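Small disclaimer: the values here were computed from a predicted structure and weren't measured.
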Amino acid sequence: LRPLEKLSGGPLRFGGVGFKHQKQLVALEQEVRNALLLTDVLTTSGIATGVAASTEKIELIRGVAGTEKLIGLASGVTAENISLYLPLVNFFLVATGISKTFTEFDPIKIREVSDVIKNFKR
């Protein structure tokens, strides 16, 4: 996967593919191919807020997108499962997995997720 330090120029465009609550009009593979033309970061999720995406789904997106495309994951990420996604995903948009309540983050959960990321070896 491309290191983030090598990214240059303007803001990144995050686009949802196979995203929670989206009506799927075409097969996920075609949705990814379409999004490759419009986005910098293919962003997906599980089926609902706080629900983890299957690793098969992430692997499918990575397979279609290739290793140079950036991928984001935006639901269900926790300290217990993030290591499954680290080899495949570049960005994590996390709230539920690091929160005590809907409006309050949990510093311990934040530290746990952060530690898993810091200790990950590619």
**Prompt:** Looking only at atom types and distance, does a side-chain atom of Ser45 sit under 3.5 Å from a main-chain N or O of Ser75, one as donor and one as acceptor?
**Reply:** no
**Prompt:** Got Thr55 and Tyr85 here, is their nearest side-chain heavy-atom distance under 4.5 Å?
**Reply:** yes
**Asked** Do you know the tightest heavy-atom contact between Ala95 and Ser99?
**Response** O-OG, 2.5 Å
Indicate every side-chain donor-acceptor pair of residues 111-120 with a distance under 3.5 Å to a residue at least two apart or in another chain.
unit_1	atom_1	unit_2	atom_2	d
Asn119	ND2	Asp115	O	2.9

**Request:** Using side-chain contact (heavy atoms from CB on, under 4.5 Å) as the criterion, list what pairs up with Val94, not counting sequence neighbours.
**Result:** Val77, Phe92, Ile98
**Request:** Answer yes or no: does atom CD1 of Ile47 have more than 12 heavy-atom neighbours from other residues, nucleotides or ligands under 6.0 Å?
**Result:** no
**Prompt:** Are the side chain of Lys20 and the backbone of Gly50 linked by a donor-acceptor contact shorter than 3.5 Å?
**Reply:** no
**Prompt:** Is a side-chain N or O of Lys57 found less than 3.5 angstrom from the main chain of Thr44, in a donor-acceptor match?
**Reply:** no
**Distance (rounded to the nearest 0.5 Å) between Glu56 CD and Ile61 CD1** = 12.0 Å
**Prompt:** Between Thr39 and Gly15, what is the shortest heavy-atom contact and its length?
**Reply:** CG2-CA, 3.4 Å
**Message:** Using every non-hydrogen atom in the two residues, find where Asn90 and Leu70 come nearest and quote the distance to one decimal.
**Reply:** OD1-CA, 3.2 Å
**Message:** What's the separation between atom OG1 in Thr96 and atom NZ in Lys109, rounded to the nearest 0.5 Å?
**Reply:** 9.5 Å
**Asked** For atom CG of Leu93, is the number of surrounding heavy atoms from other residues, nucleotides or ligands below 6.0 Å larger than 12?
**Response** yes
**Prompt:** Between Gly72 and Val41, what is the shortest heavy-atom contact and its length?
**Reply:** N-CG1, 3.5 Å
**Item:** Under 3.5 Å donor-acceptor, Thr43 side chain and Gly16 backbone
**Value:** no
**Request:** Would you sort out whether Leu88 and Ile71 count as a side-chain contact (heavy atoms from CB on, under 4.5 Å), showing the intermediate values?
**Result:** CA-CA 8 Å; Leu88 301 165; Ile71 295 178; 6.0 Å; no
**Asked** Would you say Phe19 and Phe14 are hydrophobically clustered, going by side-chain heavy atoms of ILVMFWY under 4.5 Å?
**Response** no
**Message:** I'd like to know if the side chain of Lys100 reaches the main chain of Asp106, judged simply by a donor and an acceptor atom lying under 3.5 Å from each other, with no hydrogens or angles considered.
**Reply:** no
**Complete:** Nearest heavy-atom approach of Asp40 to Pro11 is OD2-O, 3.8 Å
**Message:** When you measure from the side chain of Glu29 to the backbone of Val64, do you find a donor-acceptor pair of N or O atoms at a distance under 3.5 Å?
**Reply:** no
**Request:** Go through the structure and list residues passing side-chain contact (heavy atoms from CB on, under 4.5 Å) with Thr78, not counting sequence neighbours.
**Result:** Glu80, Asn81
